[in-house]
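For the numbers below, each heavy atom of this structure counts, side chains included, while hydrogens, waters and symmetry mates do not. When a ligand or atom number is given, it counts from 1 through the structure's own listing order. Here, residue 1 is the first one in the sequence, and each next residue gets the next number.
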Amino acid sequence: MEVGSLKIAYAPGKVILFGEHAVVYGQPAIAVPVTQVQARATVEPGSEGQGITIVAEDLEQSYSLEQAPPSDALRAIVVSTLEHIGVGTKHDLAITVSSTIPIARGLGSGAAISTAIVRALSQHFGNLLSPQTISDLVYETEKIYHGTPSGIDNTVIAFEKPVYFVRDQKIKIFSVKRPFLLAIADTGIASPTKIAVSDVRRAWKREREKYEEIFEEIGTIAEMGRRAIERGEIETVGRLMNENHRLLQLIGVSSPELEGLVEAAREGGALGAKLSGAGRGGNIIALVTQETRSRVDLMLRLAGAKDVIITEVS
Ligand code: MEV
C-alpha cells in the first residue's frame with residue numbers, strides 16, 4: 001500500500017437544471033457541475049499517537065475523529081471511506097477541508113466536501129475509487145445532511161458531468177449539442193435542503209394526488225429538457241426552465257427573494273430562469289447568451305443578488 005505525504009483533492013459544486021424535488025419522488029432530473037466553485041480536502045500524516053484529526057477551516061473547527069458523534073457528516077464520510085478501502089480507522093492523519101461553495105444554497109456544498117474527502121483519502125492510501133463508488137459512499141453521508149436525498153447531488157459531483165438522473169437507476173450521461181451559458185445568482189439566504197424537502201413531503205402527504213400530478217409534469221419537463229439540450233434547441237431549454245419554475249412555485253418552494261431574481265433575469269433578456277435546488281433561499285439559474293450575459297448579470301445584482309457566477313454547460 002503506497003502512503004504518500006500531502007494529498008490534495010477537489011470537487012465541484014452543482015446546479016439542478018430541471019426536476020428538483022420531483023426527483024425525490026422518482027421523476028427524472030438534470031443537474032450539471034459548476035467548476036467555478038469547489039470544495040478542497042487535504043490528507044497528510046499526523047504526529048504519532050494523534051489519531052485522525054478533522055480540520056474544517058471555514059468553520060474554524062478542529063476535532064478528533066474519536067470525539068465526533070456518529071451524526072457528524074465529516075466523521076461519517078471518513079469512517080465509511082476507510083472501511084470501504086479496508087484500512088480501518090487507526091491512523092495518525094490530519095484531514096483538512098475548505099470550500100468556496102456557499103453552504104445551504106442549492107450548490108451541493110455538503111456532497112462536494114464529502115467527495116473531496118473520499119478522493120483525498122483514496123489517493124493517500126493509493127486506492128483510487130471509481131466515480132460510482134465515490135458517489136455511493138457520499139450518498140450515505142447525504143442522508144445526514146438531507147434526510148431523504150434523491151442521490152442527484154452526489155452523482156453529478158462525483159461524475160463531474162451533466163447527468164440525467166432517475167433515483168435508484170444507473171446514471172445516464174447525455175450530450176450537449178450546443179454549449180450554453182447559465183447565470184447562477186445567489187439570494188444570500190441559506191436554506192437547508194432538509195427543511196424544504198420535509199415540508200414538501202408533508203404537503204405531498206396531505207394532497208397526494210395534486211402533488212403527484214405536479215411531480216409528473218416536472219418529470220416530463222426534465223425529459224423534454226434533455227431532448228432539447230441534445231438537439232441544441234436552446235430557446236426551448238429556456239421556455240422549459242420558466243415552466244419548471246412555475247411548478248416549483250405551486251409546491252411552495254419559491255420566495256419573494258427568488259421571485260425578484262427570476263424576474264430580474266427575465267427582464268435582462270434571459271431565455272428562461274428558475275430557482276435551483278431546494279428553494280426558499282439559495283440560488284436561481286438563468287439561461288443567457290454572450291449577448292445578454294452582462295445585462296442579466298447587472299440586473300441580477302441590482303435586484304439584490306449577493307453573487308453571480310456565469311458557467312458554461314458543455
Ligand atoms: C437538492 O439539490 C435537490 C432536491 O431535489 C433534493 C434531492 O434531490 O435530494 C431538492
Practice item. Check whether the side chains of Asp153 and Tyr145 place a donor and an acceptor atom closer than 3.5 Å, and report yes or no. Key: no
Point to revise | Donor on one side chain, acceptor on other, Ser135 and Asn154, under 3.5 Å | key: yes
Check this for me: does any side-chain nitrogen of one of [X] and [Y] sit under 4.0 Å from a carboxylate oxygen of the other?
X	Y	answer
Arg239	Glu235	no
Glu160	Arg119	yes
Arg227	Glu230	no

Would you mind listing which atoms of ligand 1 come within a distance below 4.0 Å of any non-hydrogen atom of [X]?
X	value
Asp153	1 (C), 2 (O)
Pro149	9 (O)
Val23	5 (O), 8 (O)
Ala278	10 (C)
Glu20	5 (O)

If you measure from each heavy atom of [X] to ligand 1, is any distance below 4.0 Å?
X	answer
Gly106	no
Lys14	yes
His146	no

Study note, to complete from the structure: Nearest heavy atom to atom 6 (C) of ligand 1, choosing from Val24, Leu107, Ile152, Thr155, belongs to Val24
Practice item. Under the salt bridge (Lys or Arg N to Asp or Glu O under 4.0 Å) rule, what do Arg246 and Glu243 come out as? Steps first, then yes or no, please. Key: CA-CA 5 Å; Arg246 188 184 66 77; Glu243 189 53 24; 2.7 Å; yes
Looking at [atom], what's its closest protein heavy atom, distance included?
atom	result
atom 5 (O) of ligand 1	His21 N, 2.9 Å
atom 3 (C) of ligand 1	Ile16 CD1, 3.5 Å
atom 8 (O) of ligand 1	Ser150 OG, 2.5 Å

Practice item. Answer whether the closest heavy-atom distance between the side chains of Leu275 and His245 falls below 4.5 Å. Key: yes
Study note, to complete from the structure: Between Leu137 and the options Thr115, Ile117, Val118, Leu121, the side chain to side chain contact (heavy atoms under 4.5 Å, CB included) test singles out Val118
